[in-house]
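Have a look at the structure below before the remarks.
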Amino acid sequence: MTIQLFDYTSQLAKMAAMPRPESADPVTAAQVLNGGYTLKVYPTEPIDRVIAGVRFVESADDADTVLVVHRGGAAATAHQIEERAGLGQRVALLDVSAADANAWSAEHADPDLLPALTNTIVYLTTLAAWEVDLERLLAAVMTPMRDGQIHRLLMARQMVYYWAWRGIVIDEVRRLFGDEIAPEWINRAAIQTRSRLGAYLIKLRGRGLRFFMDRVEFPNRRVDEMRFTLVAES
Amino acid sequence: MKKVWTNRSINSDVSVARTLDASWYLDPQVFELEQERIFARTWQCVARVDELAKPGDYLASDVVGEPIVILRDGTNKLRAYYNVCPHRAGIVARGKGNRKSLQCLYHGWTFDLEGCLLRIPGFDGTQEFDPTQNGLKEVRIDTWGSYIFVNLDPDAAPLAQWWGDVANATTGLDWSEWRLVERAEYLIDCNWKVYIDNYAEGYHVPMAHPALNREMNLDDYYVDTWRFQSTQRVNVKTGGHVSKRRYPNPGPNDAIKYHVFFPNFMIDCYPDNISCNIVKPITPERTLLTFEWYFKTDVDQSVMDSMVKFADEVQYEDIEICEYVQRGLKSRSYDAGRYSARHENGVHHFHELVVEFMNSDEIRLDTSTTPRENWKDFHSSNAAAGD
């Protein structure tokens with residue numbers, strides 16, 4: 001029996017070996033490195049900007065990162081960050097307190113914000129980013145998000161394979177098709193596997209692993225050689 | 001090619017009506033509206049009664065994305081609440097278990113099983129605050145058979161008045177005879193209505209279900225409808241190769257029935273087992289199906305295994321067809337279709353209800369147990385016409 005392992009380290013090696021894009025625009029540079037992943041951001045203040053590679057969502061539950069917008073009131077902002085971190089949300093802090101209303105870039109940060117934050121239990125290194133410019137902030141958040149996505153993909157795959165497939169569904173497929181699937185039933189076996197494993201994936205969706213089954217294959221028509229691919233929910 | 005929803009009505013005459021058009025199965029706007037217009041004001045199955053067998057048993061669930069907790073209180077009464085703390089919208093229950101009280105995971109507000117606020121840490125100094133007005137908000141709850149249902153509409157009539165009484169009169173089920181033996185869930189790539197459309201007719205059985213088709217004769221298959229229920233019925237056929245038959249020696253009263261209770265609860269009734277199906281929309285093109293199989297208490301394990309395998313075959317035949325249909329609905333060649341007046345009145349009935357709920361604020365109830373059509377008479381009168 002072959003166990004397909006997701007090659008996590010080679011993905012990181014590829015990223016490290018990538019040439020740095022020649023662009024002064026941090027967002028463009030980050031998008032090149034991001035490899036097409038769409039960052040889902042929940043802003044605490046509506047943002048009416050269209051930024052390629054970023055989708056602003058309406059719920060923190062749907063977001064990769066929560067963007068806390070600071071326009072004043074350092075203690076309140078620090079408390080909000082502390083609460084969200086306590087809920088397990090990944091928080092990026094945009095300090096535009098020195099900018100005009102509705103502007104998304106400032107010349108400097110709020111001097112009260114640092115002592116306010118250190119007065120909480122927030123470990124500053126757990127912030128996804130801290131910036132005074134929206135696009136630079138998103139670029140900073142975006143680049144390492146691909147690591148996180150690879151990690152989430154690995155977790156989802158291992159859970160589906162070892163928990164749902166090996167634990168439950170493989171016996172159901174064998175019950176209908178035996179150990180070796182007749183050629184005329186390959187599609188039906190794939191449907192069965194995909195639909196059953198998909199139902200287990202749904203349970204992971206609410207816990208931050210947001211994937212759907214994409215393809216199921218049976219190399220050599222062997223049930224015990226089943227392999228599958230996941231697609232991230234967009 | 002994007003198909004944008006255009007609202008319309010369904011002709012009440014199945015022989016001339018056109019089906020729901022493709023946009024109803026594809027447009028995210030329809031999906032969102034259905035959540036509010038259909039699923040938020042109908043009785044939704046959330047659990048089995050035996051999952052909340054004793055006082056303190058609770059289970060967290062959701063209906064149209066609304067977090068719900070259902071439980072059995074200290075007086076053994078079933079209750080349902082929004083799983084949302086009135087303080088600042090934290091959750092008061094996660095998963096399932098048994099507790100004497102519910103406690104918000106955010107700041108520790110504690111509620112008894114009747115939903116009343118018991119303890120509020122750190123609220124001294126908060127003014128104009130009445131604890132009696134800050135309990136958990138209740139959700140309507142009811143039961144039918146072995147199942148628990150909730151309704152987000154606080155003014156909804158009891159389930160009995162929707163379809164419960166009619167179901168009791170027409171299904172003839174005595175739930176005490178049946179025990180749950182297997183459960184499975186399936187995530188399928190089609191709109192929820194595609195699956196129910198498929199379920200609500202036997203017209204496709206000869207083509208899509210060869211093993212099932214051996215057990216029945218489509219000429220004997222008929223569909224009755226009531227206000228919120230349709231029931232398909234066919235006697236189990238006699239004859240045929242015994243070795244290939246699921247029911248080789250049927251009795252004179254052995255029949256197969258499929259019941260649909262609007263919008264998304266179905267029951268398959270075979271001579272030796274029943275299964276309950278719950279259809280849950282996930283996205284416009286993804287649906288979660290839950291199947292639970294029941295057998296009578298004295299049935300042999302080998303019989304149960306054989307039946308579940310038989311049902312699995314039928315289920316995957318249906319899933320394959322439904323996923324093909326979902327792809328076909330996107331074709332620029334297809335807008336809407338027609339109904340077989342003889343065989344698809346159940347689908348027509350379902351579509352009429354979907355359109356009614358989408359368009360009407362007030363829903364009229366009708367607890368009559370007289371079926372609207374008498375398809376046996378229709379069948380008899382049309383048999384000479386080569387139907």
Side-chain angles (χ1 to χ4, degrees), chain A residues 58-62 79-80 82-89 156 160 163-165 167-178 181-182 184-207 210-216 228 230-231 233-234, chain B residues 28 32 60-62 65 67 83 87-91 94-95 104-107 182-190 195 208-211 278-283 285-291 293 302 304-324 326:
Chain A
E58 294 184 2
S59 162
D61 286 343
D62 293 331
H79 184 58
Q80 185 186 164
E82 186 179 35
E83 283 193 332
R84 291 188 178 279
L87 288 172
Q89 295 172 8
V160 166
W163 167 44
W165 171 246
I168 300 165
V169 178
I170 189 172
D171 287 340
E172 296 172 0
V173 177
R174 282 197 179 115
R175 184 169 62 189
L176 272 181
F177 303 105
I181 305 165
E184 63 269 29
W185 297 121
I186 281 289
N187 189 51
R188 189 69 55 77
I191 287 174
Q192 177 174 6
T193 304
R194 177 170 47 76
S195 65
R196 289 288 288 125
L197 294 182
Y200 286 96
L201 260 178
I202 279 287
K203 298 181 197 306
L204 305 181
R205 193 168 169 244
R207 294 290 178 263
R210 305 177 75 90
F211 298 92
F212 288 110
M213 299 291 292
D214 181 32
R215 243 184 1 263
V216 168
F228 62 95
L230 301 181
V231 61
E233 186 179 328
S234 58
Chain B
E32 291 303 320
S61 183
D62 76 275
N83 190 1
H87 170 219
R88 284 174 46 213
I91 64 166
R94 190 184 283 171
C104 179
L105 277 68
Y106 198 4
H107 302 94
E182 181 128 350
R183 185 177 195 276
E185 290 182 314
Y186 313 82
L187 186 71
I188 61 176
D189 290 343
C190 68
Y195 186 80
H209 301 304
I278 301 151
V279 176
K280 184 173 179 179
I282 301 296
T283 71
E285 297 195 69
R286 282 197 175 99
T287 300
L288 184 70
L289 311 174
T290 302
F291 268 66
W293 280 274
S302 62
M304 290 192 279
D305 289 345
S306 153
M307 183 58 211
V308 173
K309 182 181 171 187
F310 176 78
D312 258 355
E313 276 183 1
V314 175
Q315 171 71 336
Y316 291 113
E317 287 160 351
D318 278 330
I319 291 174
E320 187 174 33
I321 285 289
C322 286
E323 293 187 347
Y324 282 136
Q326 187 69 26

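Predicted model, so just to flag it, every value in this text is computed and none were measured. First the proteins, then the strands, lettered A, B, ... as listed; each starts at 1. No hydrogens, no waters, no symmetry mates; every other heavy atom, side chains included, goes into these values.
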Quiz item: Once you round to the nearest 0.5 Å, how far does CG of B:Leu288 lie from CG of A:Leu201?
Solution: 11.5 Å
Self-check item: Separation of B:His107 NE2 from A:Glu83 CD (nearest 0.5 Å)
Solution: 5.0 Å
Practice problem: Write down the atom of A:Arg175, the atom of B:Lys309, and the distance for their closest heavy-atom approach. | Solution: O-CE, 3.4 Å
Quiz prompt | Minimum heavy-atom distance A:Arg188-B:Glu317, with the two atoms named | solution = NH1-CG, 3.1 Å
Quiz item: How far does CD of B:Glu320 sit from CG of A:Asn187, to the nearest 0.5 angstrom?
Solution: 5.0 Å
Quiz item: Which pair of non-hydrogen atoms, one from A:Ala199 and one from B:Tyr186, has the smallest distance, and what is that distance?
Solution: CB-N, 3.8 Å
Quiz prompt | Heavy-atom neighbours of A:Glu184 CD exceed 12 at 6.0 Å | solution = yes
Self-check item: A:Ile202 side, atom CD1; B:Ile282 side, atom CD1 - distance, nearest 0.5 Å
Solution: 4.5 Å
Quiz item: When heavy-atom pairs shorter than 4.5 Å are enumerated against chain A, which of B:Leu105, B:Asp189, B:Ile188 gives the highest number?
Solution: B:Asp189
Quiz item: Going through the distances and angles, do A:Met213 and B:Leu187 end up as a side chain to side chain contact (heavy atoms under 4.5 Å, CB included)?
Solution: CA-CA 9 Å; A:Met213 299 291 292; B:Leu187 186 71; over 6 Å; no
